[in-house]
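Note that ligands are numbered from 1 as they come in the structure, with each ligand's atoms numbered from 1 the same way.
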Amino acid sequence: MSKGYFITFEGGDGSGKSTQIKRLQESLEKKGYRVLLTREPGGTQISEKIREIILDSGNTEMSDMTETLLYAAARAQVVQQVIKPAVERGDIVICDRFVDSSMAYQAYGRGLGDAVWDINQYAVDGCLPDLTILLRLDPQKGMDRIKDREQDRIELSSSEFHRKVYEGYLALEERFPERIKGVDASQGIEEIAAQIDAIVGELIR
Ligand code: TYD
């Protein structure tokens, strides 16, 4: 049975995920692989609607648990509707953020701890990434990179929050060393892309 791969990208805001995802997609397609790109929160009509609620900077009264459950709800939908069917077809699915974002932002950043992991077991329904690329960048540098664009509700959180998110990512990398591969995102675009190519090559060769 031909089965594809599920690869996710993680990192703080401004770590350069979108650029590197595009580069990886091009590189894999050149080699003849079928690539499906998706993102979180989003990737389906329902999940995009949930995204609007979560990121609306007017929703200042949203509780941390509501936020966690909404991310999980958006995730459950994209897993069933998009990710699982594509991997079963044999595609390489690249997802911009996934469950590790909830761990970094809600478990560590908001301080909700392992409850976030438990909730997400229902959402992912056994569909965990084969590989996760973590773009490691000092959160202050990340926030400086995006300071000129309009910021959503999460990006508007304090620098203390973004520091905790970053530390959360480092803890996750230690907890799941087989799956999560960190790359130094302060390097140039070409160097980062080459390192990611090599890591992905190990998985799919
Ligand atoms: P993203 O789409 O990556 O933002 P942008 O396109 O502006 O870079 O993600 C939106 C925000 O949601 C981002 O600040 C991270 C946050 N997030 C969580 O807090 N938990 C989650 O589970 C996910 C998927 C994202």
Nearest-contact summary for [atom] - protein heavy atom, Å:
atom: atom 7 (O) of ligand 1; value: E155 OE2, 3.1 Å
atom: atom 14 (O) of ligand 1; value: D13 OD1, 2.9 Å
atom: atom 22 (O) of ligand 1; value: S102 OG, 2.6 Å
atom: atom 3 (O) of ligand 1; value: R97 NE, 2.7 Å
atom: atom 20 (N) of ligand 1; value: Q106 OE1, 2.8 Å
atom: atom 11 (C) of ligand 1; value: L55 CD2, 3.8 Å

Are more than 12 heavy atoms, taken from residues, nucleotides or ligands other than [X], located less than 6.0 Å from that residue's [atom1] atom?
X: K31; atom1: NZ; value: yes
X: E61; atom1: CD; value: yes
X: I189; atom1: CD1; value: no

Heteroatom proximity flag, [X] to ligand 1, N/O under 3.5 Å:
X: Y71; value: yes
X: R51; value: yes
X: R39; value: no
X: D96; value: no

Honestly, for D152 the part within reach of ligand 1 (heavy atoms, under 4.0 Å) is side chain

Show which atoms of ligand 1 fall inside a sub-4.0 Å distance from at least one heavy-atom site of K17.
3 (O)

Ring centres of F9 and F98 under 6.0 Å apart?
no

Please tell me whether W117 and F176 form a close aromatic pair, meaning their ring centres lie under 6.0 Å apart.
yes

Atom 5 (P) of ligand 1: which of R75, R149, R110 has the nearest heavy atom?
R149

Evaluate the side-chain proximity of I46 to V78: yes if any heavy-atom separation is below 4.5 Å, no if none is.
no

Roughly how far apart are I7 CD1 and D96 CG, rounded to 0.5 Å?
13.5 Å

Please check if the side chain of Q187 supplies one atom and the backbone of D184 the other of a donor-acceptor pair under 3.5 Å.
yes

Please state whether Q151 comes within less than 4.0 angstrom of ligand 1, counting heavy atoms only.
no

